[in-house]
Novice: 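Have a look at this one before I ask anything.
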Amino acid sequence: MSNYHVKTLEEYFQVYRKSVRNPELFWEEIAEEHFVWRKKWDTVLDYDFEKTEFKWFEGAKLNITENCIDRHLHIRGDKTAILFEPNNPKEEAQHISYKELHKRVCKFANVLKDHGIKKGDRVCIYLPMIPELAISVLACARIGAVHSVVFAGFSSTALATRINDCEAKMVITSDGSYRGAKTIDLKSIVDEALEDCPSIENVLVAKRINSDIQLKEGRDKWLAPLLEEAYQDCVPEIMDAEDPLFILYTSGSTGSPKGMLHTTAGYMVYTAYTFKNVFNYKENDVYWCTADIGWITGHSYIVYGPLANGATTVMFEGVPSYPDFGRFWEIVEKHNINQFYTAPTAIRALAKENLEFVDSHNLSSVKVLGTVGEPINEEAWHWYNDNVGKKKSPIVDTWWQTETGGIMISPLPYITPTKPTYATLPLPGIQIALMDENGKEVKGNQVDGRLCIKYPWPSMARTIWGNHQRYKETYFSAFDDMYFTGDGALRDEVGYYRITGRVDDVIIVSGHNLGTAPIEDAINEHPAVAESAIVGFPHEVKGNALYGYVILKETGEVRNQDNLRKEINQIITEHIGPIAKLDKIQFTEGVPKTRSGKIMRRILRKIAHNELDNLGDVSTLLNPEVVQNIIDNRL
Ligand code: WTA
């Protein structure tokens, strides 16, 4: 019998030991018992750290949508699969049953086929959080097309870069979106992006805001009439275990965004298993993850993980502050949410508001609270625990990444004793190592180091689309025979892990990963800018905010500083999106550099953090004189 649902701490330790002693047997038993396969695998795992090749369940044949939809039809056909809560609370929520979901996914899949989409083709999805987003993701998976969802807050330039990188054939979008009191014209962002995207043949447009937009002849089509006419059944494409399922872009410390490629069987098994255990999901629970499907959290824990377990998963279109700061809690009460999963930045923003927004709602349905995306500070943890969980719902602080595909370190609710700011223990199957700078593993407890994983797990990203070398260099070259996460962590006296943050140049702002390089590149496009350097600094709500040091081409006094700041943020918005805007921009004559010309971000970071007493030895810099000047003029 497999250990699909761990029920006690003792069982956790026992299962964990088994998963380390015999990982293949451990995953094989879970895969056997809890999924439908068209053909079983020949080997559970085949891997080579040297070549960075990882294959799970090779030889197996399946379709993930059969596991997420079809197999539930006869037992829970009328159960709500997706519960859609619109931006406007006055608009009615939609309950999409498994039967209805099956029909809508099949119809959508047929529309894709009618437009020439075949197995292996890439489809870019640029949609707000409306049911069509989840449905189009599943429709791609139904026919073996590779979806690449781009978060609908990204700019046209960012969208174009992602479309071109994976050479998508189609974009699925909407006429617009609602976000709180705002209406956003998504279609014109797509139009702008597509001026430069030769691979796109068709654009399918969902109607959301009923705006009067122009469709481009021969390229764009309204989705609704096509769906109306499409046949309501679609035979699933039978996929190999390692066939690509999706590409999702994430920022690196340097260079262009990385298209992380996830494949079918391992991803399915791992997200389903972790969903069940981390949220302690029971048959009639209503589960809500507030993330956007444009991020990995939405892929794994709004769509695939919950649906593979036959769960009811909520999709929320709006924002936590609209129509007021009580919206999350109003929804929890309205739909009797049992598991609530959100980001620390949202918790911090809500914690600043009047407690009445929380207290005026009945939150007694809540059984499990979750957080993800960045370290949660102690104050936010306690606020969440006291006011939302009423000290009776365990908080699962889940650590993972776009690259890991699923949750890696997390308490199991009602099982693992929680500790504020600690993600606690690795899930079964996950073998952690902390490494020092010399490449040696740091053993024992009460130690810290670079967080690595030393054995493959089923949902790991298999490559960076179109650039396997970069995959190898980024994740597998820092330490031999292990995956390097880019995070630092400490292990306390009982073996609990606390994630201390990125050790590279990635900055997490409101839970979104931002690489410094693409932002600097965008700033440098401004005609007046010669050079720039970005660092993070602590921010009450966002966790981190961005501080930019900007060197102008013309030296001397900077006139119109505020205008220039606005223009710089405008360029960033155009190139990346509003999430990457700088909170502070300091104009300076120079930034500290090593003799080889590398910007010393460590020093800039300390200045931005106001930690001026231990800047370290600056005398070896190429230009030590700039440091004092930067300190004197800091914002
Ligand atoms: C950070 C999000 C501390 C971490 C699923 C990681 C966290 C990056 C936590 C991945 C957590 C995520 N505690 N830090 N519970 N969860 N992170 O790819 O730095 O958007 O490397 O995936 O977020 O972000 P990504």
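In each ligand, atom 1 is the first atom listed, and ligand 1 is the first ligand listed. Just so we're clear, the structure is a prediction, and the values are computed from it rather than from any experiment. What's counted below: heavy atoms across the whole structure, side chains too, no hydrogens, waters or symmetry copies.
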Novice: Is a donor on one side and an acceptor on the other found under 3.5 Å between the side chain of T274 and the backbone of T271?
Specialist: yes

Novice: Is it the case that the side chains of Y475 and T52 hold a donor-acceptor pair, with the cut-off being a distance below 3.5 Å and no angle test?
Specialist: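 No - no donor-acceptor pair under 3.5 Å links their side chains.
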
Novice: For T250, is at least one N or O under 3.5 Å away from an N or O on ligand 1?
Specialist: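 No, T250 has no N/O under 3.5 Å of an N/O on ligand 1.
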
Novice: Checking ring pair (Phe, Tyr, Trp, His ring centres under 6.0 Å) against F476, which of F54, F484, Y47 comes through?
Specialist: F54

Novice: Should the pair R450-D487 be classified as a salt bridge under the 4.0 Å nitrogen-to-oxygen rule?
Specialist: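 Salt bridge flag = no for D487 with R450.
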
Novice: In terms of the angle between their ring planes, are Y267 and H262 parallel, tilted or perpendicular, with boundaries placed at 30° and 60°?
Specialist: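 Tilted.
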
Novice: For ligand 1, is any non-hydrogen atom under 4.0 Å from E374's backbone (N, CA, C, O), its side chain (CB onward), both, or neither?
Specialist: backbone

Novice: Does ligand 1 have an atom under 4.0 Å from some heavy atom of W295?
Specialist: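 Judged by the 4.0 Å heavy-atom criterion, W295 does not count as contacting ligand 1.
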
Novice: To which of T402, V506, T371 does the heavy atom nearest atom 25 (P) of ligand 1 belong?
Specialist: T402

Novice: Please state which part of R502 comes within less than 4.0 Å of ligand 1, counting heavy atoms only: side chain, backbone, both or neither.
Specialist: side chain

Novice: Only heavy atoms of I508, strictly under 4.0 Å: list the atoms of ligand 1 that pass.
Specialist: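 Reading through ligand 1 atom by atom, the close ones are 1 (C), 4 (C), 8 (C), 19 (O), 23 (O).
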
Novice: Would you mind listing which atoms of ligand 1 come within a distance below 4.0 Å of any non-hydrogen atom of T398?
Specialist: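 Heavy-atom distances to T398 below 4.0 Å select 9 (C), 11 (C), 15 (N), 16 (N).
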
Novice: Using a 4.0 Å cut-off to any heavy atom of D397, which atoms of ligand 1 qualify?
Specialist: 11 (C), 13 (N), 15 (N)

Novice: Within this structure, what is the NE2-CD1 distance for the pair H147 and I293, rounded to the nearest 0.5 Å?
Specialist: 9.5 Å

Novice: Against heavy atoms of T297, which atoms of ligand 1 measure under 4.0 Å?
Specialist: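 Atoms satisfying the 4.0 Å criterion: 5 (C).
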
Novice: Got more than 12 heavy atoms from elsewhere within 6.0 Å of CD, E441?
Specialist: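 Above 12, so yes.
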
Novice: Could you tell me whether ligand 1 has any atom less than 4.0 Å away from a heavy atom of G373?
Specialist: yes

Novice: What part of I376 sits under 4.0 Å from ligand 1 if we count only heavy atoms: the side chain, the backbone, both or neither?
Specialist: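 Looking at I376 and ligand 1, no heavy atom falls under 4.0 Å.
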
Novice: Report the C-alpha distance between R502 and N513 in whole Å, list the side-chain angles of each, state the deciding distance to 0.1 Å, and finish with yes or no for side chain to side chain donor-acceptor pair (under 3.5 Å).
Specialist: CA-CA 10 Å; R502 302 290 308 182; N513 292 5; over 6 Å; no

Novice: Among Y301, W399, W400, which one has a heavy atom closest to atom 5 (C) of ligand 1?
Specialist: W400

Novice: Among all protein heavy atoms, pick the one closest to atom 3 (C) of ligand 1 and tell me residue, atom and distance.
Specialist: P375 N, 3.1 Å

Novice: Counting each atom of ligand 1 from 1 as listed, which ones have a heavy atom of N513 under 4.0 Å away?
Specialist: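 Under 4.0 Å from N513, ligand 1 has these atoms: 10 (C), 18 (O), 20 (O), 24 (O), 25 (P).
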
Novice: Hey, is D285 close enough to K367 for a salt bridge, meaning N to O under 4.0 Å?
Specialist: yes

Novice: Around atom 4 (C) of ligand 1, find the nearest protein heavy atom and jot down its residue, atom name and distance.
Specialist: D487 OD2, 3.1 Å

Novice: Would one find more than 12 heavy atoms of other residues, nucleotides or ligands at under 6.0 Å from atom CD of E437?
Specialist: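 Check fails, neighbour count at 12 or below.
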
Novice: Distance under 4.0 Å to a non-hydrogen atom of V372: what atoms of ligand 1 satisfy this?
Specialist: 5 (C)

